[in-house]
Amino acid sequence: MADTIYALSSGAPPAGIGVIRISGPRAGEALSRMANGLPPARSPRLRIVRNGEGAALDQALVMWFAGPNTATGEDLAEIHCHGGRAVVAALLAALSSIDGLREAEPGEFTRRAFSNGRIDLAEAEGLADLLSAETELQRRGALLAAGGDLSRRIEGWRDRVLGLAASIEAVIDFADEDDVTLPAAFSRELDELVREIRAASQRPATERLRDGIRVVLAGPPNAGKSSLFNALLSDDAAIVTSEAGTTRDVLERPVSIGGVPLILVDTAGMRDSGAGAIEELGIERARKEVANGHIVLWLGAPDDLPVGAIQISAKSDLGAGQSEGLEVSAVTGFGLSELTDMLVEKAREILPPVDQIAFNRRQREWAQTAAQSLEAVDTHSDLLIAAENLRAARRALDRLVGRDSTEEMLDALFGRFCIGK
């Protein structure tokens, strides 16, 4: 029998309301002891909640949900109490004193929902991204997966694979009957399915939306990189002086501009001579950032412009910028709005579309595996091999939604959740 777990499922106190959740076979017993009996199922009641000694702890709304049709697939109880630290602490202490109850581990409520079939792995991954979303685009992108849109699309693909497999199995089973053949639309349906899966798997991975687009500021010493970095952040995160080589390491800060998640990266000034040993290390790291950045803003000479970088003419207020590129000034703010608009536009081109399903790296690998198996189906050769390729495609789609998942992978996923979720 599974343990009965409990945790504060709302935000950290103090707050207007605290929601304490209890899930497992002894949830009803625990709520009944503390609230003088169970309320009617799915019907909140105002009760005095007491500890094991009978002392009143709070006046709270209590709710009872009989499993399996609950968020976790188990018996579930909730106490909606006042959100002060002392109230919450007292209620949690009272729960800890009840035999058979223990505090939940991070993500354990959601893991139980997955284990009991209330959500699948794709929905759980979307929920993890939704909980960590900090920008509007991150929220919208994660909501499709958390809400089941991705899972429904995958389930639809799986049903179509099963239909194709059934057609081939029928031909195999009745090979001695001349009137049993593959449907005329078999090849067209197979090709359409492959195109759909390929199209979805070729979209940018959702990690770009979750982690943010890396915007690297690069150029020679004293080109204005740190000043522009601070201006884009509206903060003095980077030290700015007239001395060459002040920035000797990579400095990065997350920022949301226009609802788009960005990681701004300030780098050491790159020069071919005159740098000390420590500065040389910073220059080498700067080169790596330029090579790996999604968007590179180059504040140096146009002749040295890295491939794919955007030329920025900095220090326009001093008349010291290059004659080419977007003119900006961190001092006066000139050109900053044009620069941020351009960053948002280019970032949106790199990010996965938030109004369409997109895969994370794990999901994309299995989707591509399914597409490869489908592409290997050859109805003009051995139909037994074709049937096995269709089974391989179905297994890959099953793994996409977690029908066959390792404990290590599940531990890593649910470890991203907070306690109480």
Side-chain angles (χ1 to χ4, degrees), residues 9 71-73 107 109-161 192-213 254 256-263 294 344-371 393-394 396-405 409-410 412-418 421:
S9 293
T72 60
F109 287 101
T110 307
R111 184 160 187 167
R112 292 190 176 198
F114 169 74
S115 299
N116 293 322
R118 300 300 295 172
I119 60 174
D120 62 31
L121 188 59
E123 291 172 307
E125 289 172 319
L127 181 57
D129 289 340
L130 187 62
L131 292 173
S132 62
E134 296 181 351
T135 72
E136 176 63 12
L137 285 186
Q138 289 172 332
R139 180 195 67 80
R140 290 172 59 192
L143 195 59
L144 284 179
D149 289 59
L150 176 58
S151 299
R152 285 187 287 273
R153 180 68 61 83
I154 296 166
E155 197 63 32
W157 290 340
R158 185 178 185 274
D159 289 343
R160 289 158 68 182
V161 169
E192 288 177 354
L193 181 56
V194 170
R195 282 197 297 271
E196 286 184 28
I197 297 176
R198 284 291 187 196
S201 65
Q202 288 168 0
R203 293 172 189 151
T206 58
E207 281 87 355
R208 286 190 182 179
L209 188 58
R210 186 183 70 205
D211 300 338
I213 297 299
S256 173
I257 299 178
V260 175
L262 305 175
I263 303 295
H294 297 118
V344 169
E345 180 181 354
K346 288 190 173 296
R348 285 180 180 272
E349 294 173 357
I350 299 171
L351 290 170
V354 295
D355 57 346
Q356 301 179 41
I357 65 165
F359 297 126
N360 60 33
R361 292 187 183 93
R362 182 198 68 83
Q363 294 165 347
R364 182 165 59 184
E365 288 178 3
W366 286 117
Q368 290 174 342
T369 298
R394 190 256 310 155
L397 294 176
D398 283 347
R399 287 177 172 83
L400 227 167
V401 292
R403 285 193 173 96
D404 184 11
S405 304
M409 185 270 289
L410 295 177
L413 168 62
F414 293 110
R416 292 173 53 195
F417 287 77
C418 58
K421 189 60 183 173

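Starting from 1, each residue takes its place in the sequence as its number. Quantities reported herein were computed from a predicted structural model and do not represent experimental measurements.
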Roughly how far apart are [X] [atom1] and [Y] [atom2], rounded to 0.5 Å?
| X | Y | atom1 | atom2 | result |
| --- | --- | --- | --- | --- |
| Phe359 | Gln368 | CZ | CD | 9.0 Å |
| Glu365 | Asn360 | CD | CG | 9.0 Å |
| Ser256 | Leu137 | OG | CG | 8.0 Å |
| Asp159 | Ile154 | CG | CD1 | 12.0 Å |
| Leu397 | Thr369 | CG | OG1 | 10.0 Å |
| His294 | Ile213 | NE2 | CD1 | 5.0 Å |

*Candidates Ile197, Ile357, Leu144 - the one meeting side-chain contact (heavy atoms from CB on, under 4.5 Å) with Arg153*: Ile357

_Using the rule side-chain contact (heavy atoms from CB on, under 4.5 Å), only one of Glu134, Arg140, Glu136 pairs with Gln138; which is it?_
Glu134

Tell me if a side-chain donor or acceptor on [X] pairs with a main-chain N or O of [Y] at a distance below 3.5 Å.
| X | Y | value |
| --- | --- | --- |
| Arg208 | Ile350 | yes |
| Glu207 | Arg361 | yes |
| Asn116 | Thr72 | yes |
| Asp120 | Ala122 | yes |
| Arg362 | Leu400 | yes |
| Arg158 | Asp398 | no |

Where is the tightest heavy-atom contact between [X] and [Y], given as atom of each residue plus distance?
| X | Y | value |
| --- | --- | --- |
| Arg160 | Glu196 | NH1-OE1, 3.0 Å |
| Ala371 | Val194 | O-CG2, 4.4 Å |
| Leu262 | Ala347 | CD2-CB, 3.9 Å |
| Leu130 | Ala146 | CD2-CB, 4.2 Å |
| Glu123 | Ser151 | CG-OG, 3.4 Å |
| Pro261 | Leu209 | CG-O, 3.4 Å |

_Test item: Leu193 and Val161 side chains (from C-beta on) under 4.5 Å apart, heavy atoms_ = yes

_Verdict with reasoning, Leu150 to Glu125, per side-chain contact (heavy atoms from CB on, under 4.5 Å)_ = CA-CA 11 Å; Leu150 176 58; Glu125 289 172 319; over 6 Å; no

*Please lay out, stage by stage, how Ile119 and Thr110 fare under the test side-chain contact (heavy atoms from CB on, under 4.5 Å).*
CA-CA 8 Å; Ile119 60 174; Thr110 307; 3.7 Å; yes

